[in-house]
Amino acid sequence: MSTGKKFRIRQIRRIRERIIMLVIGIIIGLFLFQLFAVPANADNRSQKYKYYTGVFVRPGDNLWSIAEDYITDDYESMDSYIAEVMQMNHMSDTQVRAGNYLYVPYYSEELLE
């Protein structure tokens, strides 16, 4: 085999190696981009944590007035919030009396420990 032919074969191998490395690099780059990319429709709101607290029912309070103090935008409606409060407190109707102690949920962006 002549020196020119050997040189040409080495050139072709180097070109193939470079093409293969380029393709591998592109595949790895696409994988990393997909792994770390933030979707365009990502929710930019901060994380909220659900907590529970207890409240004493005061004279004149009802479930709606208590709900107004603790409900957040995380609930679909006042009715869904009150339904959750009733379920948590094993209530069969919406009647509350002064002195009762109720557990109510609320959301906060602050992580409590």
Side-chain angles (χ1 to χ4, degrees):
M1 207 183 264
S2 69
T3 309
K5 196 170 188 174
K6 288 180 183 179
F7 178 74
R8 180 81 176 131
I9 291 172
R10 275 189 254 138
Q11 263 188 329
I12 292 171
R13 283 183 183 160
R14 283 187 199 135
I15 291 171
R16 283 182 186 161
E17 287 173 357
R18 288 179 183 161
I19 290 173
I20 290 171
M21 294 304 289
L22 179 64
V23 169
I24 290 172
I26 290 171
I27 291 171
I28 290 172
L30 289 173
F31 174 75
L32 291 174
F33 178 77
Q34 184 71 20
L35 186 65
F36 295 109
V38 177
N41 62 353
D43 195 354
N44 290 330
R45 293 186 299 172
S46 59
Q47 171 123 12
K48 287 191 175 183
Y49 304 94
K50 188 173 188 176
Y51 297 103
Y52 303 90
T53 190
V55 295
F56 279 104
V57 178
R58 296 171 294 181
D61 279 349
N62 58 44
L63 283 181
W64 286 265
S65 64
I66 294 169
E68 286 175 352
D69 292 337
Y70 292 94
I71 193 169
T72 60
D73 294 336
D74 302 287
Y75 288 91
E76 293 177 18
S77 67
M78 182 75 78
D79 290 336
S80 66
Y81 182 82
I82 290 173
E84 184 175 343
V85 170
M86 289 177 64
Q87 181 183 15
M88 287 174 53
N89 292 282
H90 307 288
M91 298 171 64
S92 58
D93 62 37
T94 60
Q95 297 298 315
V96 293
R97 290 190 297 230
N100 285 3
Y101 189 79
L102 298 176
Y103 292 103
V104 295
Y106 68 96
Y107 283 88
S108 174
E109 293 179 358
E110 185 177 335
L111 178 60
L112 303 177
E113 294 183 23

Hydrophobic cluster membership, Leu32 vs Ile24, 4.5 Å side-chain cutoff:
yes
Can you give me the closest heavy-atom contact between Gln95 and Met91, atom names plus distance?
O-CE, 3.7 Å
So how far is it from Leu63 CG to Asp93 CG, rounded to the nearest 0.5 Å?
9.0 Å
Take the angle between the ring planes of Tyr75 and Tyr81 and call it parallel below 30°, perpendicular above 60°, tilted in between.
perpendicular
Step-by-step side-chain contact (heavy atoms from CB on, under 4.5 Å) determination, Val96 to Leu102:
CA-CA 9 Å; Val96 293; Leu102 298 176; 3.9 Å; yes
Do Lys50 and Asp74 come close enough that some side-chain heavy atom pair is under 4.5 Å?
no
Would you say Val23 and Ile26 are hydrophobically clustered, going by side-chain heavy atoms of ILVMFWY under 4.5 Å?
no
Answer yes or no: does atom CD of Gln34 have more than 12 heavy-atom neighbours from other residues, nucleotides or ligands under 6.0 Å?
no
Do Ile9 and Arg13 touch side chain to side chain, with heavy atoms closer than 4.5 Å?
yes
How long is the straight-line distance from CD of Glu17 back to CZ of Arg14, given to the nearest 0.5 Å?
8.5 Å
Using a 4.5 Å cut-off between side-chain heavy atoms of Ile, Leu, Val, Met, Phe, Trp and Tyr, which other residues end up in the same hydrophobic cluster as Tyr101?
Tyr52, Phe56, Met88, Tyr103
Rounded to the nearest 0.5 Å, what separation is found between the CD1 atom of Ile66 and the CD1 atom of Ile82?
9.5 Å
Stepwise, does the side chain to side chain donor-acceptor pair (under 3.5 Å) test hold for Ser77 with Asp79?
CA-CA 5 Å; Ser77 67; Asp79 290 336; 5.0 Å; no
Between Trp64 and Met78 the two heavy atoms that sit nearest each other are CD1-CG, 3.8 Å
Could you go step by step and tell me if Arg97 and Val57 meet the side-chain contact (heavy atoms from CB on, under 4.5 Å) rule?
CA-CA 7 Å; Arg97 290 190 297 230; Val57 178; over 6 Å; no
Just verifying a value: how many Å separate Asp61 CG and Asn100 CG, rounded to the nearest 0.5 Å?
10.5 Å
Run Tyr70 and Val85 through side-chain contact (heavy atoms from CB on, under 4.5 Å) and show every step you take.
CA-CA 11 Å; Tyr70 292 94; Val85 170; over 6 Å; no
Looking at every non-hydrogen atom in both residues, tell me the closest pair between Ala98 and Pro59 and how far apart they are.
CB-N, 3.7 Å
